[in-house]
Protein chains: 2
Amino acid sequence: MPGRTQRKFTDSLGKQPLADFKVGVDNAIFSVDTSQNRLLVLLVMRHQEPFLNYWGLPGTLVRQGESLEDAAYRILAEKIKVKNLYLEQLYTFGGPNRDPRESVDSFGVRYLSVSYFALVRFEEAELIADGVSGIAWYPVKDLPQLAFDHSDILAYGHRRLKNKLEYSPVAFEVLPELFTLSDLYQLYATVLGDNFADYSNFRARLLKLGFLSDTKVKVSRGAGRPATLYRFDAEAFAPFKDKPLVFI
Amino acid sequence: MPGRTQRKFTDSLGKQPLADFKVGVDNAIFSVDTSQNRLLVLLVMRHQEPFLNYWGLPGTLVRQGESLEDAAYRILAEKIKVKNLYLEQLYTFGGPNRDPRESVDSFGVRYLSVSYFALVRFEEAELIADGVSGIAWYPVKDLPQLAFDHSDILAYGHRRLKNKLEYSPVAFEVLPELFTLSDLYQLYATVLGDNFADYSNFRARLLKLGFLSDTKVKVSRGAGRPATLYRFDAEAFAPFKDKPLVFI
DNA sequence: TCAAAAGTGTTTAGGATACACCCATGC
DNA sequence: GCATGGGTGTATCCTAAACACTTTTGA
């Protein structure tokens, strides 16, 4: 489990031989459905053992000549088409016996999982249905039982996503180039939950920071006053790198 | 490099066979020498290729039946004796060709490194000198050239340590059970650098939070007014878990 | 008695929070 | 006109930050 550890030493293995590993990559791919205020995660139905017919995170084993990150992009590209995304490494799970395959089809080969988390734009993400395999967005508040330790990975990814939003401009990787302040607010509010600042304060704070440039263009969406479109100005954001809680 | 990534997809490997891995664990072990206000990191001199006679992080390869964390504790215990420590996983580096051994002595075996970072109490840490191997504390501000990508790992570990201090009670894992507020302040100031709050404000803030219990015991260290010894009250800290910036 | 370290208090400026309120549009 | 969402302003409270000051010890 990620996080804090405090433990006694256990050095009693003597001089065991080295373990041989296959390395897997599992992706926790999130998106935000702003129309329904839901945070979603991409799950795929497994069609082979172990955990046949369970939902799980899209994953793959790393191939020769392929970097970990390459593998993460490959499996992502096999499941959805997106133009914009944010991706970063999460955590590496590697205890012995975490994967049932270790006991059966192998001579002591261990399976290690490097997990990645990604954020993609829901509206532009096209799921790739290959005819057989189930693939679907699930609300993180209402998940089925998952294969392996994928619920742990997901919980950890969710926590990381919330933290990221608070200090880094990930949101803009996933918003269209031009967006309204409510778009931005919706995204924050649905990811961070309800005990989040109110709209007018969020608005005032962000505008004051000065890295959102007003395009003067208005857009009308149904009823109500038309909203101004803004653009994220990466240069103007530079001074805020490494500063905590920019967005709170 | 850890952190943000945004990149085009590269799926052009066709159906390569899976890669076989050996998995290494590298530890960035930090400690704080409060008497000299320096943040230190533990380095060992390498006595074999690759990078013969370079300094590097203490590391080892994972053995059969051993978890990643077990391996991290094992290598740590081989180098120093400590009673208290904090240890957590950092990042996994696993691109092809990051380790020179991949090209020579193996048939396509890849080397992957899972890095851990640890914080130990400087005063109680006893280096284990095995006669031959060099092993030493180096100030992070003044490092020699390191083997592999160990400088990257270290830089990342340092960043993580600074963040941890700001919201989590790691400091108390590494302070004696009873400590003075200056002890605590020194630790924060030397890790976080000089643009840190002044002593009196730090003091006032922490006491107000209410998870430091006054033991009423005074201790005199040379000249100056004797200091009060405090104890960290984990229960009283509970409400602050998951709250950002508790300590700065 | 003086330097050194611990501990207290005060002042000020900026930001978070909670609102009340005005504006522009579709129907 | 009126509901709907966008946008502005203001009063209050709190805390960060800077700094002056007092207390208690060893030498």
Side-chain angles (χ1 to χ4, degrees), chain A residues 34-37 165-167 175-176 178-190 192-231 239-240 243-248, chain B residues 34-37 165-167 175-176 178-190 192-231 239-240 243-248:
Chain A
T34 38
S35 73
Q36 293 196 65
N37 280 24
L165 272 189
E166 291 179 348
Y167 65 88
L175 284 173
L178 302 180
F179 53 87
T180 71
L181 280 168
S182 335
D183 289 341
L184 187 61
Y185 179 72
Q186 289 309 327
L187 199 156
Y188 270 86
T190 85
L192 296 183
D194 292 320
N195 42 1
F196 186 58
D198 86 349
Y199 174 67
S200 90
N201 292 323
F202 178 80
R203 176 190 177 78
R205 192 156 19 84
L206 261 77
L207 287 179
K208 189 168 184 186
L209 293 172
F211 49 74
L212 297 183
S213 38
D214 187 335
T215 64
K216 308 289 185 194
V217 182
K218 310 283 180 193
V219 57
S220 201
R221 317 223 258 237
R225 177 174 173 172
T228 307
L229 287 175
Y230 288 84
R231 183 198 314 275
F240 299 99
K243 295 244 167 94
L245 302 193
V246 180
F247 296 92
I248 336 173
Chain B
T34 38
S35 74
Q36 295 196 64
N37 280 23
L165 272 190
E166 290 177 349
Y167 66 87
L175 284 173
L178 302 180
F179 52 87
T180 71
L181 280 169
S182 336
D183 289 342
L184 187 62
Y185 179 72
Q186 289 308 327
L187 200 156
Y188 271 86
T190 85
L192 296 182
D194 292 321
N195 43 0
F196 185 60
D198 86 349
Y199 174 68
S200 90
N201 291 325
F202 178 79
R203 176 191 177 77
R205 192 156 18 83
L206 260 77
L207 287 179
K208 190 171 182 185
L209 292 172
F211 50 74
L212 297 183
S213 37
D214 187 335
T215 64
K216 307 291 185 191
V217 182
K218 310 286 179 192
V219 57
S220 198
R221 317 223 259 239
R225 176 174 176 171
T228 307
L229 287 175
Y230 288 84
R231 182 199 313 275
F240 299 98
K243 296 243 166 96
L245 301 195
V246 179
F247 293 92
I248 185 308

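Residue numbering restarts at 1 for every chain, and letters A, B, ... go by the order of the sequence lines.
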Pair A:Leu184-A:Phe247, side-chain contact (heavy atoms from CB on, under 4.5 Å): steps then yes or no: CA-CA 11 Å; A:Leu184 187 61; A:Phe247 296 92; 5.7 Å; no
N/O donor-acceptor pair under 3.5 Å between B:Tyr230 side chain and B:Leu181 backbone: no
Protein-nucleotide distance (B:Tyr199, atom OH; C:dA5, atom C1'), rounded to Å: 9 Å
Pairwise distance CD1(A:Ile248) to CG(A:Leu192) - rounded to 0.5 angstrom: 10.0 Å
Verdict with supporting geometry, B:Thr180 and B:Leu229, side-chain contact (heavy atoms from CB on, under 4.5 Å): CA-CA 5 Å; B:Thr180 71; B:Leu229 287 175; 3.8 Å; yes
Residues touching DNA chain C, which here means a heavy atom under 4.0 Å, drawn from residues 202-216 of chain B: B:Arg203
Side chain to side chain, B:Leu206 and B:Tyr188, heavy atoms closer than 4.5 Å: no
Backbone N/O of A:Leu187 and side chain of A:Thr34: donor-acceptor pair under 3.5 Å: no
Pairwise salt bridge (Lys or Arg N to Asp or Glu O under 4.0 Å) hits with a residue in residues 207-227 of chain A, at least two apart: A:Asp183-A:Arg221
Which residue lies more 5' along DNA chain D, comparing B:Ala197 with A:Asn201 via nearest heavy atoms: A:Asn201
Which residues share a ring-ring contact (aromatic ring centres under 6.0 Å, His included) with A:Phe196, sequence neighbours left out: A:Tyr185, A:Phe202
Value in whole Å for how far the P atom of C:dA6 lies from CG of B:Leu229: 12 Å
Rounded distance (Å) that lies between atom C1' of C:dG9 and atom CG of B:Asp198: 13 Å
Gap between atom OG of B:Ser213 and atom CG of B:Leu178 - 0.5 Å precision: 9.0 Å
Residue-phosphate contact under 4.0 Å: B:Ser200 side-chain N/O, C:dT8 OP1/OP2: no
Those residues of residues 218-227 of chain A lying under 4.0 Å from DNA chain D by at least one heavy atom: A:Gly224, A:Arg225, A:Pro226, A:Ala227
Validation row: B:Phe211, B:Val246 side chains within 4.5 angstrom (heavy atoms): yes
Span of DNA chain D, from the first to the last nucleotide whose atoms fall under 4.0 Å of chain A heavy atoms: D:dT4 to D:dG9
Listed partners of B:Asn37 passing side chain to side chain contact (heavy atoms under 4.5 Å, CB included), at least two apart: B:Gln186, B:Thr190
d(CG, B:Asn37; P, C:dA5) in whole Å: 12 Å
